[in-house]
Each structure stands twice: as C-alpha cells, then as structure tokens.
Amino acid sequence: MSTPDQFDILPAPAHVADEAAKLVREIADHAQRQRGSFTLILAGGSTPKALYERLASEPGPIDWSRITILQGDERCVGPEHADSNYRMARAALLDRVPIDPARVHRIRGELGPTAAAGAYDGILRATGPADLALLGMGVDGHTASLFPGHDFARDAGKLAVPAAAPAGFAIAERVSLTLEALNRSALILALITGADKAAALARVRRERLSPAGNDALPISRVRPGVRFLLDVAAAGTAAGTVASN
Ligand code: 6PG
C-alpha cells in the first residue's frame, strides 16, 4: 500500500507560500536534529520565489550552515541569465542567508545539456537522496524539465539528463533530474497555483489515482505520497485538505 498523496487547498498563492515555508522549516529542523544536515532540491519557475523569500526573511530553526542545496532542473544558460532558475533562487534566497557555498550545487547549464547533465548526475550520486524535493507544475503538466513526450525509458539508471522544452517555453535546452532522482527524495512538496493550471491539475488528480499509464502527464508519474499545496484557483474547489491514494 503506497503512501497517499495529500492535496492542501489554500485561498491564495500567498497562503501557499506561507504553508510551504512552514513545512520546509519543520522538515529542515527535523532532518538537522535527526541527521545533522538537510538536503533540499529547489524548484525553478516563478511559483517558488515567494517561498524562497519567506525562508530568507524568516528562517525559523533552519541552520543554513548545515544545508545542501540541489536544483531540480535548469535552463541551459549561464547563472546570470534572466531565465536561469539558479539566478532566481540566488536573488530570492541563496544570497540572503549564511549558506555554505560549497554545499550549493548549481546545474552548470552553460556547459550545454549533455555535459551539464553528466556533471550533475555525478553530483547527485555524491550527495545522495534529498530530504525534500520541491516541485512546480507547468500548464501542460510538466515538472522540473520533464515535459510531455519526454523519453522516460531513456532515463533508466540516470539521475540527471538532457531535456527539451517545447516551443513557447523559455529556453528549449534544459537539464532535469529524472523521476528516479526526484522519487528517491524522502519527501516531495509540489506548489501549484493559478487558474491556468486547473485543467492540467484536474487531469493529474485523476491520473494519480491509479498507476501512471503511458500517456500520463509527467507530474502524474512522480511517486505516490506527494504533498500538493494548491490555491483555490488551481484546484478549482474550495479550500480544505483532501488525502487520496
Ligand atoms: C522550470 C521549472 C518548471 C516549473 C514549472 C512551473 O524550469 O520551468 O522548474 O518545472 O516548476 O514550469 O513554473 P511556474 O512556477 O513559473 O508556473
């Protein structure tokens, strides 16, 4: 019997960021007490920015000297590029807290997808599984940079791979953690807000009720037991909590 997903539906994006920050502080504190360190996979895109800002301004019990930071995906651009996920995380969080730079592992997208993925695969093997992976979801149901049509079979045995975003998305060439890399995280927290995500999310909630089929959206393929933090606009329902298998 797999751990069920949990869907927490909150009134607005600010409430999602507040609840996510509360959970990250709790999970980090628990990991640092139990294991002496906390490994966190950051999500990219725009949704998590408010969460990162909250962690920077109100860290609570987090001991930044004992945190390892990984990225869930990156566009193949340099760290100063406007579309860099790392750039967003740096501005919102990493440059604002006393974190050990040696424990921040940036995906070096400027190397190009194959070289950057190969290098990051090695880093992921060295760091081991994360305590918490943060995920977002695109309007098409992608997560990290695993887009619909991704060749998941080719990822077997890999932790980081070259990936490609379809036309219309920022920067086609990407690096993404694989499902294997994401699924080995002790906990997975997905932050999804906005009415434009409602259609994909409704499909994902149906798909996640049974083992993912070949046509399942990428985020539907993430292992069971994900904690979804949604706003009412994305959930299309009233605020509340729903646990479902
Ligand atoms: C990326 C992200 C991606 C993101 C979704 C949602 O590199 O694009 O990692 O997976 O989580 O695209 O993005 P928004 O939060 O901007 O809607």
Side-chain angles (χ1 to χ4, degrees), residues 10 12-17 19-21 24 40-54 69-79 81-94 105-110 113 116-117 120 124 130 132-150 152 155 159-179 181-183 185 188-201 203-204 217-222 226-231 233-235:
L10 300 155
H15 301 96
V16 169
E19 180 65 15
V24 172
L40 174 64
I41 297 173
L42 298 181
S46 58
T47 302
K49 184 169 180 283
L51 160 61
Y52 300 159
E53 289 169 340
R54 282 160 171 78
I69 295 288
L70 298 167
Q71 288 188 266
D73 72 316
E74 186 55 282
R75 295 81 182 272
C76 285
V77 293
H81 191 283
D83 287 320
S84 163
N85 284 331
Y86 178 76
R87 183 175 185 266
M88 181 276 282
R90 241 189 89 178
L93 176 60
L94 303 177
H105 301 289
R106 176 177 72 85
I107 298 177
R108 294 182 291 159
E110 67 275 17
Y120 213 67
L124 293 168
L132 174 62
L134 298 174
L135 293 180
M137 185 193 79
V139 297
D140 60 351
H142 81 262
T143 195
S145 278
L146 303 171
F147 287 85
H150 182 85
F152 290 97
D155 295 350
L159 297 179
V161 291
F169 284 90
I171 313 297
E173 290 191 318
R174 308 278 189 105
V175 174
S176 184
L177 266 58
T178 60
L179 289 174
L182 295 171
N183 288 346
S185 306
I188 301 176
L189 188 56
L191 281 62
I192 305 170
T193 63
D196 59 341
K197 309 274 176 84
L201 190 59
R203 176 175 164 185
V204 168
L217 293 175
I219 198 168
S220 296
R221 299 163 183 256
V222 175
V226 173
R227 181 86 176 263
F228 288 86
L229 293 184
L230 314 172
D231 70 350

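Just so you know, residue 1 is the first one in the sequence shown, and it goes up from there. Order of appearance sets the numbers: ligands from 1, and atoms from 1 within every ligand. Just so you know, these numbers come straight off a predicted model, no measurement behind them.
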| Donor-acceptor contact present, side-chain H150 to main-chain F152, <3.5 Å | no
| For the student: nearest non-hydrogen atoms of F147 and A164, plus distance | CD1-O, 3.5 Å
| note | When every non-hydrogen atom of A43 is compared with those of L134, the smallest separation belongs to CB-O, 3.3 Å
| note | side-chain hydrogen bond (donor to acceptor under 3.5 Å, both in side chains) pairs touching residues 188-199, sequence neighbours excluded, are none
Expected rows: ligand 1 N/O, protein N/O, dist below 3.5 Å:
unit_1, atom_1, unit_2, atom_2, d
ligand 1, 7 (O), D73, OD2, 2.7
ligand 1, 7 (O), R75, NE, 2.9
ligand 1, 7 (O), R75, NH2, 3.4
ligand 1, 7 (O), N85, ND2, 2.8
ligand 1, 7 (O), R174, NH1, 3.4
ligand 1, 8 (O), R75, NH2, 2.9
ligand 1, 9 (O), G44, N, 3.4
ligand 1, 9 (O), D73, OD1, 2.6
ligand 1, 9 (O), D73, OD2, 3.0
ligand 1, 10 (O), A144, N, 3.2
ligand 1, 10 (O), A144, O, 2.5
ligand 1, 12 (O), H142, NE2, 2.7
ligand 1, 15 (O), S46, N, 3.3
ligand 1, 15 (O), T47, N, 2.9
ligand 1, 15 (O), T47, OG1, 2.6
ligand 1, 16 (O), S46, N, 2.8
ligand 1, 16 (O), S46, OG, 2.6
ligand 1, 17 (O), K197, NZ, 2.7

| Is a side-chain donor-acceptor pair under 3.5 Å present for D73 with S145? | yes
| field | Minimum-distance pair of heavy atoms, taken over all atoms of G72 and A144 | value | O-CB, 3.7 Å
